[in-house]
Amino acid sequence: LEEYGIAYKLDYMGESYSALTNSLLPAYKAYTGSYWGQYAFMREMEYGFPSIASDDHLPIIMKKGEEFLAAHADSPFLPRILFLLGKANETAYSVGLSPYKYNSFCSHSYCVELEQNTEKYRLNAIKHYTQLLSLPGGKEYEEHLKYILPKLKTKGSSYGAFYITCGGC
């Protein structure tokens, strides 16, 4: 493993080794224009990208996802990227609405940011979901979004409050 530059650790009870990082971002950075490079990016986005703090993954997903869209408008993974961007914005919007967010979901400064930008997140979610549904690959998301989009368009929350208050579950 060392010969190939892979950092590793001895796993539980010393029975096997595992990589310290399973990030696919190096593959994306090395092959950004290729199918497999873009696939690597999509998988990293699905996992939330490596983040330092537990409450900073949504802004990272949104920022990197927007950068990907700008660079790869013709990507075969465009439907999935749009869905993930829509979901990140929808989640930020819904968490911003929750009266329980300060109790269990986010740090004070991040919660304030969510509260101040709920409308921006709502509109971005609608934009990404609408664009997704206009694509040939967007058909597989229709069933899910037929429940979500009307709630977003009428400024309703698409999540139940118990998702935001479950804390350690």
Original post:
So, Gln38 side chain and Thr32 main chain: donor-acceptor pair closer than 3.5 Å or not?
Top reply: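 Indeed, once roles are kept as given, a pair shorter than 3.5 Å links the two residues.
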Subject >> N/O donor-acceptor pair under 3.5 Å between Ser134 side chain and Gln131 backbone >> reply: yes
For residues [X] and [Y], report the shortest heavy-atom separation together with the two atoms involved.
{"X": "Ala125", "Y": "Gly86", "answer": "CB-O, 3.7 Å"}
{"X": "Ala27", "Y": "Ala40", "answer": "CB-CB, 4.0 Å"}
{"X": "Glu44", "Y": "Leu24", "answer": "OE2-N, 2.5 Å"}
{"X": "Tyr35", "Y": "Pro76", "answer": "CD1-CG, 3.9 Å"}

**OP:** Quick one: sort the Trp36 and Tyr39 rings into parallel, tilted or perpendicular, breaks at 30° and 60°.
**Re:** perpendicular
Original post:
Which class fits the ring pair Phe41 and Phe68: parallel under 30°, tilted 30 to 60°, perpendicular over 60°?
Top reply: parallel
**OP:** Apply side-chain contact (heavy atoms from CB on, under 4.5 Å) to the pair Phe77 and His72, showing each step before the final yes or no.
**Re:** CA-CA 9 Å; Phe77 303 104; His72 306 288; over 6 Å; no
Original post:
Under 4.5 Å between side-chain heavy atoms, hopping through other hydrophobics if needed: is there a path connecting Ile61 to Leu69?
Top reply: yes
**OP:** Could you grab the distance from atom CE of Met62 to atom CG of Asn89, nearest 0.5 Å is fine?
**Re:** 5.0 Å
Subject >> Separation between CZ of Arg80 and NZ of Lys87, rounded to the nearest 0.5 Å >> reply: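 The CZ atom of Arg80 sits 10.0 Å away from the NZ atom of Lys87.
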Taking side chain to side chain contact (heavy atoms under 4.5 Å, CB included) as the test, write out the residues that go with [X], two or more places apart.
{"X": "Ile148", "answer": "Glu90, Tyr129, His144, Leu145, Leu152, Ser158"}
{"X": "Leu123", "answer": "Glu119"}
{"X": "Thr118", "answer": "Tyr93"}

**OP:** For Tyr31, look at atom OH and say whether over 12 heavy atoms of other residues, nucleotides or ligands are found less than 6.0 Å away.
**Re:** no
**OP:** Answer yes or no: is there a side-chain heavy-atom contact under 4.5 Å between Leu85 and Met45?
**Re:**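 The answer is yes; the side chains approach within 4.5 Å.
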Original post:
Within a strict 4.5 Å, meaning less than it, do heavy atoms of the His128 and Glu66 side chains meet?
Top reply: yes
Original post:
Could Glu67 and Lys63 be called an ion pair, given the rule that one side-chain N must be under 4.0 Å from one carboxylate O?
Top reply: yes
